[in-house]
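What follows is a single structure, written as structure tokens, with notes after it.
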Number of protein chains: 2
Amino acid sequence: MNDHLSLTFNALADPTRRAMLNQLSRGEANVSELAKPFLKDMSLPAVTKHLKVLEKAGLITKTREAQWRSCKLNSAPLKEATDWMEQYRIFWEESLDRLEVYLKSITNNKKSKGKKNGIKKQRK
Amino acid sequence: MNDHLSLTFNALADPTRRAMLNQLSRGEANVSELAKPFLKDMSLPAVTKHLKVLEKAGLITKTREAQWRSCKLNSAPLKEATDWMEQYRIFWEESLDRLEVYLKSITNNKKSKGKKNGIKKQRK
DNA sequence: TTTATATTTAACTTTTTAGTTAATTAACCG
DNA sequence: CGGTTAATTAACTAAAAAGTTAAATATAAA
């Protein structure tokens with residue numbers, strides 16, 4: 001699929017590419033620098049391909065300086081992806097709320113008004 | 001890759017699967033209900049496969065009731081993915097800051113103290 | 001017990017992805 | 001110029017993804 005959100009999520013669905021973004025979050029880097037941590041696991045052309053995926057998703061931009069390509073993080077697609085996820089925030093927050101309620105229910109702290117013995121053996 | 005974050009992002013990298021999650025955010029639904037909007041485009045086994053991807057990523061859980069499988073959204077992996085993205089928030093927020101500064105610089109509103117003609121021709 | 005409904009599994013095809021090695025491009029450097 | 005460095009492209013392979021149709025499973029209902 002080639003809608004933008006799909007391109008972004010797809011680019012993020014690989015630990016090598018996420019690690020590359022991570023490195024770029026600490027500053028620009030050229031291809032050899034980005035490749036270094038991965039050259040035990042894969043060839044340089046493989047790195048080039050990963051960078052292409054990131055580039056097509058708009059997550060990085062490359063500028064050339066002599067024979068070096070400097071890569072720079074572009075966070076706009078990450079914002080877009082996060083914005084999409086926001087619509088689900090209410091779900092995990094309500095889960096956390098329920099967890100909190102549960103944790104309170106099993107903690108016999110002050111203000112545990114009434115309902116003593118609120119916990120019975122629950123395992124079959 | 002089979003780390004959890006990769007499974008999640010991969011599951012989200014498809015508009016059909018995102019639409020399914022979207023429907024589930026409005027309440028539980030069984031397979032046929034989920035499939036309905038897509039049966040013009042794909043077969044039922046294709047839908048089953050998409051649901052399997054979502055299930056393996058932990059984004060949905062299925063419960064069986066007679067011959068129906070009811071699917072339910074599980075937001076935990078979405079939270080995990082959002083938490084990962086949070087580390088980049090600073091980047092898009094600083095971009096927005098720069099945009100804001102720029103927009104202010106080109107708007108001749110009150111308090112535009114000094115630095116008139118703050119913009120010169122910048123192209124070579 | 002047959003039939004209908006809901007869903008999955010099997011077997012297969014096509015396309016895409018992720019990697020490889022070898023060759024190519026492009027710039028710099030002595 | 002000739003060699004070195006940085007990176008990409010080409011051509012290929014293997015494996016995974018996404019779809020298909022047909023068959024199987026499991027439950028309900030008549």
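Letters A, B, ... are given to chains in the order of the sequence lines, protein chains preceding strands, and every chain is numbered from 1.
Following rounding to the nearest Å, B:L39 (CG) and D:dT21 (P) show an atom-to-atom distance of 12 Å. In this entry the distance linking NZ of B:K56 with P of C:dT8 reads 12 Å, nearest Å.
Contact check on A:R18 versus A:D14 returns no salt bridge, with no Lys/Arg side-chain nitrogen under 4.0 Å from an Asp/Glu carboxylate oxygen.
For the pair A:R17 (side chain) and A:A11 (backbone), a donor-acceptor distance under 3.5 Å is present. A:Y88 contributes a side-chain N or O that, together with a main-chain N or O of B:N22, makes up a donor-acceptor pair within less than 3.5 Å.
Expressed to the nearest 0.5 Å, how far CE of A:M85 lies from CG of B:L21 amounts to 11.0 Å.
Atom CG of A:D41 has more than 12 heavy atoms from other residues, nucleotides or ligands within 6.0 Å.
Of the side-chain N and O atoms in B:K62, one or more sit less than 4.0 angstrom from OP1 or OP2 of C:dT8.
If you check the side chains of B:S75 and A:R89, you find no donor sitting under 3.5 Å from an acceptor. Counting only N and O atoms by type, the side chains of A:E28 and A:S70 include a donor and acceptor under 3.5 Å apart.
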Where along nucleotides 24-30 of chain D does protein come under 4.0 Å, by heavy atom, of base (B) or sugar-phosphate alone (S), with - for untouched nucleotides?
-> --SBS--
Expected string for nucleotides 17-25 of chain C under the B/S/- scheme (protein heavy atoms, under 4.0 Å, primed atoms plus P, OP1, OP2 as sugar-phosphate) is -SBBBB---
